[in-house]
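Please read all numbers here as calculations on a predicted model, not as lab measurements. All values below were derived from every heavy atom in this structure, side-chain atoms included, with hydrogens, water molecules and symmetry-related copies excluded.
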Amino acid sequence: MRDEVDDLTEAWARERPDLDLGPVEVFSRISRLSKHLDLARRRAFAEHGIETWEFDVLAALRRAGEPYELSPGRLLRETLVTSGTMTNRVDRLVARGLVERLPDPHDRRGVLVRLAAEGKTAVDNAFAALVDAEAALLAELPAPDRDALAGLLRELMRPFR
C-alpha cells in the first residue's frame with residue numbers, strides 16, 4: 001500500500017536522482033508517526049486534565065517508586081529540560097497540588113519534589129489512557145511485527161544513548 005512518503009520520495013527521485021533517498025523514506029515516516037503520536041498523547045492527557053509537560057514530570061516521579069520523590073537535578077536528567085524550566089514547572093505543579101516540595105533530609109540546602117496523592121491519581125489515569133491510545137495506533141500491526149519494529153527502533157536509537 002502506498003502512502004504520502006512514496007509520493008514525496010518519487011518526486012525527489014525525479015528531481016534529484018543522484019541522491020539515495022532510503023533515509024528519507026524511513027525518517028519521513030517516523031516524523032509523520034511522531035506527529036500522530038503527539039496528538040494521541042495530548043488527547044489522552046487532556047482527558048485527565050494534564051498537559052504533556054506535566055505528564056513528563058509526574059511520570060518521572062511516579063516511576064521513581066515510593067515515596068515518589070526526586071531531587072530537582074534528577075528531574076532535570078529525567079525530563080531533559082533546563083534548570084529554569086524545571087523550576088517553573090515544579091512551581092506550577094505545586095500550585096495545582098500535584099506535587100510538593102520538601103526539605104532534603106540528606107542535604108540541608110536541598111529540596112525534594114514529591115508526587116502528591118492527586119498527582120499520582122492524575123498520572124496513573126493519564127498513563128492508562130496513553131497506553132490505550134498507543135495500543136490503538138499499533139492495532140493493525142501483528143505482535144511479531146511490533147516486536148521487530150521495537151527492536152529496530154532500539155538499534156536506531158543506539159547512537160543517542
Side-chain angles (χ1 to χ4, degrees), residues 3-5 23-141 143 145-161:
D3 65 10
E4 66 271 9
V5 175
V24 174
E25 289 188 72
V26 171
F27 290 109
S28 290
R29 286 185 176 95
I30 289 173
S31 176
R32 283 166 167 72
L33 283 169
S34 175
K35 289 176 183 165
H36 290 289
L37 177 59
D38 185 51
L39 287 171
R41 290 171 68 90
R42 280 193 265 147
R43 272 189 238 116
F45 300 154
E47 289 173 18
H48 299 283
I50 62 174
E51 296 182 40
T52 300
W53 68 265
E54 292 173 312
F55 178 82
D56 291 344
V57 176
L58 298 174
L61 293 166
R62 180 66 168 99
R63 288 190 312 265
E66 283 197 63
Y68 310 117
E69 62 187 25
L70 294 171
S71 69
R74 179 76 188 273
L75 274 172
L76 291 174
R77 289 188 297 279
E78 292 282 329
T79 59
L80 303 175
V81 298
T82 66
S83 176
T85 298
M86 182 55 65
T87 298
N88 181 283
R89 288 180 177 186
V90 171
D91 287 347
R92 291 170 67 185
L93 290 168
V94 166
R96 287 196 56 200
L98 299 175
V99 303
E100 55 188 347
R101 278 193 182 92
L102 303 169
D104 185 338
H106 305 293
D107 178 357
R108 287 184 20 205
R109 293 173 292 163
V111 299
L112 294 172
V113 179
R114 180 181 290 168
L115 190 59
E118 187 176 330
K120 183 176 181 287
T121 299
V123 73
D124 282 352
N125 291 337
F127 185 62
L130 173 63
V131 170
D132 288 345
E134 290 179 347
L137 290 172
L138 290 171
E140 299 293 318
L141 203 57
D145 291 346
R146 287 192 303 260
D147 293 342
L149 179 59
L152 290 169
L153 291 170
R154 184 179 301 110
E155 287 301 310
L156 190 58
M157 291 293 299
R158 185 181 303 254
F160 303 105
R161 289 186 212 154

From CG (Leu98) to CZ (Arg89), nearest 0.5 Å: 14.0 Å

Derivation of the side-chain contact (heavy atoms from CB on, under 4.5 Å) call for Leu76 and Ser83: CA-CA 7 Å; Leu76 291 174; Ser83 176; 4.2 Å; yes

Salt bridge (charged side-chain N to carboxylate O under 4.0 Å, His left out) against Arg42, all qualifying residues, sequence neighbours excluded: Asp38

Side-chain heavy atoms of Leu112 within contact of Pro67, under 4.5 Å: no

Heavy-atom side-chain proximity of Tyr68 to Arg63 below 4.5 angstrom: no

Chi angles and distances behind the side-chain contact (heavy atoms from CB on, under 4.5 Å) call for Asn125, Thr121: CA-CA 6 Å; Asn125 291 337; Thr121 299; 3.5 Å; yes

Side chain to side chain, Trp53 and Thr85, heavy atoms closer than 4.5 Å: no

Reported CG-to-CG distance for the pair Asp147 and Leu152, which is rounded to 0.5 angstrom: 11.0 Å

Glu54 side chain near Arg96 side chain, heavy-atom distance below 4.5 Å: yes

Atom of Leu115, atom of Leu58 and distance for their closest heavy-atom approach: CD1-CD2, 3.5 Å

side-chain contact (heavy atoms from CB on, under 4.5 Å) evaluation trace for Asp56 with Thr79: CA-CA 6 Å; Asp56 291 344; Thr79 59; 4.3 Å; yes

Exercise: identify the closest heavy-atom pair between Ala64 and Leu70: CB-CD2, 3.8 Å

By side chain to side chain donor-acceptor pair (under 3.5 Å) - contacts of Asp91 (at least two apart): Arg101

Where Val90 and Val99 come nearest, the two heavy atoms and their spacing: O-CG2, 4.1 Å

Residue pairs, two or more places apart or on separate chains, that pass salt bridge (charged side-chain N to carboxylate O under 4.0 Å, His left out) and touch residues 115-138: Arg41-Glu134, Arg62-Asp124, Lys120-Asp124

Glu140 CD to Arg146 CZ distance, which is reported to the nearest 0.5 Å: 10.5 Å

Shortest non-hydrogen separation from Ala60 to Leu75 and the atoms involved: CB-CD2, 3.9 Å

Expected output: side-chain Ser28 to main-chain Val24 donor-acceptor under 3.5 Å: yes

Shortest non-hydrogen separation from Ala126 to His48 and the atoms involved: CA-CD2, 3.7 Å

Chi angles and distances behind the side-chain contact (heavy atoms from CB on, under 4.5 Å) call for Ile30, Leu156: CA-CA 11 Å; Ile30 289 173; Leu156 190 58; 3.8 Å; yes

Those residues that, when tested against Glu155, pass salt bridge (charged side-chain N to carboxylate O under 4.0 Å, His left out) (two or more places apart): Arg158

Salt bridge (charged side-chain N to carboxylate O under 4.0 Å, His left out): pairs with one or both residues in residues 106-115, sequence neighbours excluded: Glu69-Arg114

Rounded distance (nearest 0.5 Å) linking atom CZ of Phe127 with atom CZ of Phe45: 9.0 Å

Carboxylate-amine/guanidinium proximity below 4.0 Å for Arg43 and Glu47: no

Arg32: salt bridge (charged side-chain N to carboxylate O under 4.0 Å, His left out) partners, not counting sequence neighbours: Glu4

Smallest separation among heavy atoms of Val113 and Pro72, with atom names: CG2-CG, 4.4 Å

Check: Phe27 main-chain N/O paired with Ser31 side-chain donor or acceptor under 3.5 Å: no

